[in-house]
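As structure tokens, the structure follows; a few thoughts come after it.
Numbered from 1 within each chain, the chains take letters A, B, ... in sequence-line order. This one's a predicted model, so the numbers in the text were calculated from it and none came from an experiment.
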Amino acid sequence: MKPVYALVDCNNFYVSCERLFKPQLKKRPVIVLSNNDGCVVSRSQEAKALGVSMAAPLFKVRDLVERHQIEVFSSNYALYADISARVMHTLEELSPEMEIYSIDEAFLNLAGFNSKDGLHQHGQHICHTLYQHVGVPVCVGIAPTKTLAKLANYGAKHYPATGGVVDLMDQRRQKKLLHITPVGEIWGVGRRSTLQLQNMGINTALQLVQMPLQTARRRFSIVMERTIRELNGEPCIELDNQPAAKQQILCSRSFGQKITDYDQLRETVCEFAARAAEKLRQGQQMTQMVNVSIRTSPFDAHEPCYANSATAKLSTYSNDSREIVALATQLLKSIWKEDYRYAKAGVMLGDLCLEDRLQPGLFDDPQQRAHSRQLMQAIDQINHSGRGKVWLGGQRPQQDWFMNRAHLSPAYTTRWEDLPQVF
DNA sequence: TCTGGGGTCCTAGGACCC
DNA sequence: TCTGGGGTCCTAGGACCC
């Protein structure tokens, strides 16, 4: 049976989450900021209309914010992750096959619903159910390929007359929408390719579809070729309902205040390493490669700038925080330079494998491994108990890495103290 | 003063082997 | 001056996504 993809995408998801618990924010301009209150990452329709652009640094839109009394929130990932889980759970019941694509969107396979009216109606049903059960508004795009489903969703969001559902199973409608869509809106066509395409005289998605496949392959890559095939209705990207194990784990942050002191930076990097190690254990994985990177701000023209990273291998695969933190510390030492104001640091773990697929090394000490596992389990249990935290000597916990979060909303759904009250 | 974080995939080029 | 051919594996960097 030919696949029928539906892309369900929440409307300005982070803003919608904030609105759930503050209904007075409906119809008002609202924005949510990235970590550190750096950039705008989610905007309500009203904020978009006022000219707040996506990814704009806060200081560049501060005027607009004040002039129009835009409501501002720091990002509250605990809240968004919990609402996301509710959305996905509801969707699971509406479709047998689904792929969670990101925190706020999922692909469904609707191959069972074949008649044209049935599909559109089912799309509306999805919208209504999610709004009723979770309270989050969504748009649905339906099409024979994922890239076209993305396009359909773009149409549903962009043109309110669609009522939030666009069915692109029909070729004539595909062509119509492709014709009025700028090429840069297509899934897989980023900023660089958009510029290059425009230089070739290709401005609309329809013009892209008409590009010969060999040209796409030669001038761009196999990725572009696939995009064009998909836009032509030929499915090249399958539904992936069993996400593969992670290939790398990254923990990095920009700092609210620059760091100049080695010990402070070391504590921060150790904390990142410990966090990364914890994520590793959550996925029952082990790592053999640790990478540490540090940098000054790339935006500051007046200051001396420096960026460097270092990578090293552990002697065997491990997910023991002690080993990972120790190696990260060594790596930091090797790239640290005095007299710079550091703006960002990160720890990346690569070369991952699943714990139960591990080939023991020749010099592995099984007893030591068992001991390490027990210790790490104990640490994770305590840290997840909600009753206290333990950490290694070098870490800098509870400091939130010098982050700015001036507009944080309560963790309404995941902390007892923050439960909303009704009077 | 203030510019996110966490990923994936592809490609080119170097190292190395026979 | 001429300086193999073919293959694999690894890595860094680019482009893209949300």
Pick base, sugar-phosphate or nothing for A:I186, based on heavy-atom distances below 4.0 Å to the nucleic acid. sugar-phosphate
Looking at A:R229 and A:E225, is there a salt bridge between them, counting it only when a charged N and a carboxylate O are closer than 4.0 Å? yes
Hey, does the side chain of A:S193 come within less than 4.0 Å of C:dC16's phosphate (OP1/OP2), counting only N and O? yes
With P as the reference atom in both, quote the distance from B:dT3 to C:dC17 in angstrom, rounded to an integer. 25 Å
Hey, what's the ring geometry for A:W187 with A:F107, parallel, tilted or perpendicular (30° and 60° as the breaks)? tilted
Between B:dT1 (P) and A:N36 (CG): distance, integer Å: 17 Å
How close or far is atom P of C:dC17 from atom CG of A:D240, stated in whole angstroms? 18 Å
Between A:R405 and A:D37, does at least one N-O distance fall below 4.0 Å, as a salt bridge requires? no
The side chain of A:W187 lies closest to which of these nucleotides: B:dG5, C:dC18, B:dT11? C:dC18
Side-chain (A:T296) to main-chain (A:Y306) donor-acceptor, under 3.5 angstrom: yes
Answer with base, sugar-phosphate or nothing: what part of the nucleic acid does A:D104 contact at a heavy-atom distance below 4.0 Å? sugar-phosphate
Of all heavy-atom pairs between A:R43 and A:M54, which one has the smallest distance, and what is that distance? NH1-N, 3.5 Å
Could A:K313 and A:D351 be called an ion pair, given the rule that one side-chain N must be under 4.0 Å from one carboxylate O? yes
C:dC17 OP1/OP2 closer than 4.0 Å to side-chain N/O of A:S102: no
Pull out every protein N or O sitting under 3.5 Å from an N or O of nucleotides 6-9 of chain B, one pair per line with the distance.
residue: B:dG6; atom: OP1; partner: A:R253; partner atom: NH1; Å: 2.9
residue: B:dG6; atom: OP2; partner: A:S252; partner atom: N; Å: 2.6
residue: B:dG6; atom: OP2; partner: A:S252; partner atom: O; Å: 2.9
residue: B:dG6; atom: OP2; partner: A:S252; partner atom: OG; Å: 3.1
residue: B:dG7; atom: OP2; partner: A:L250; partner atom: N; Å: 2.7
residue: B:dT8; atom: OP1; partner: A:Q247; partner atom: N; Å: 3.2
residue: B:dC9; atom: OP2; partner: A:Q247; partner atom: NE2; Å: 3.1

Gap between atoms CZ and C1', on A:F299 and B:dC2 respectively (whole Å): 11 Å
Considering only heavy side-chain atoms of A:R192, the closest of B:dC2, C:dA15, C:dC17 is C:dA15
Between CZ of A:R219 and P of B:dT11 the distance, given in whole Å, is 17 Å
A:Y101 OH - C:dC17 P separation (whole Å): 8 Å
Rounded distance in Å - CZ (A:F220) to P (B:dA12): 15 Å
Any salt bridge between A:K22 and A:E18, counting N to O under 4.0 Å? no
Check A:A143 against A:L168 and note the closest heavy-atom contact, atom names and distance. CB-CB, 4.0 Å
A:K344 vs B:dT3: side-chain N/O to OP1/OP2 distance below 4.0 Å: no
Rounded to whole Å, please give me the gap between CD1 in A:I222 and C1' in B:dT11. 11 Å
If you measure from the Lys or Arg side-chain nitrogens to the Asp or Glu carboxylate oxygens, is any gap between A:R19 and A:E46 under 4.0 Å? yes
What is the distance from CG of A:D300 to C1' of B:dC2, rounded to the nearest Å? 11 Å
pair_partner(B:dC9), Watson-Crick or wobble, both distances < 3.5 Å, evaluates to C:dG14
Polar contact flag, side-chain donor to acceptor under 3.5 angstrom, A:S254-A:N36: no
Give the residues of residues 54-69 of chain A touching DNA chain B, defined as any heavy atom closer than 4.0 Å, sorted by residue number. A:P57, A:F59, A:R62
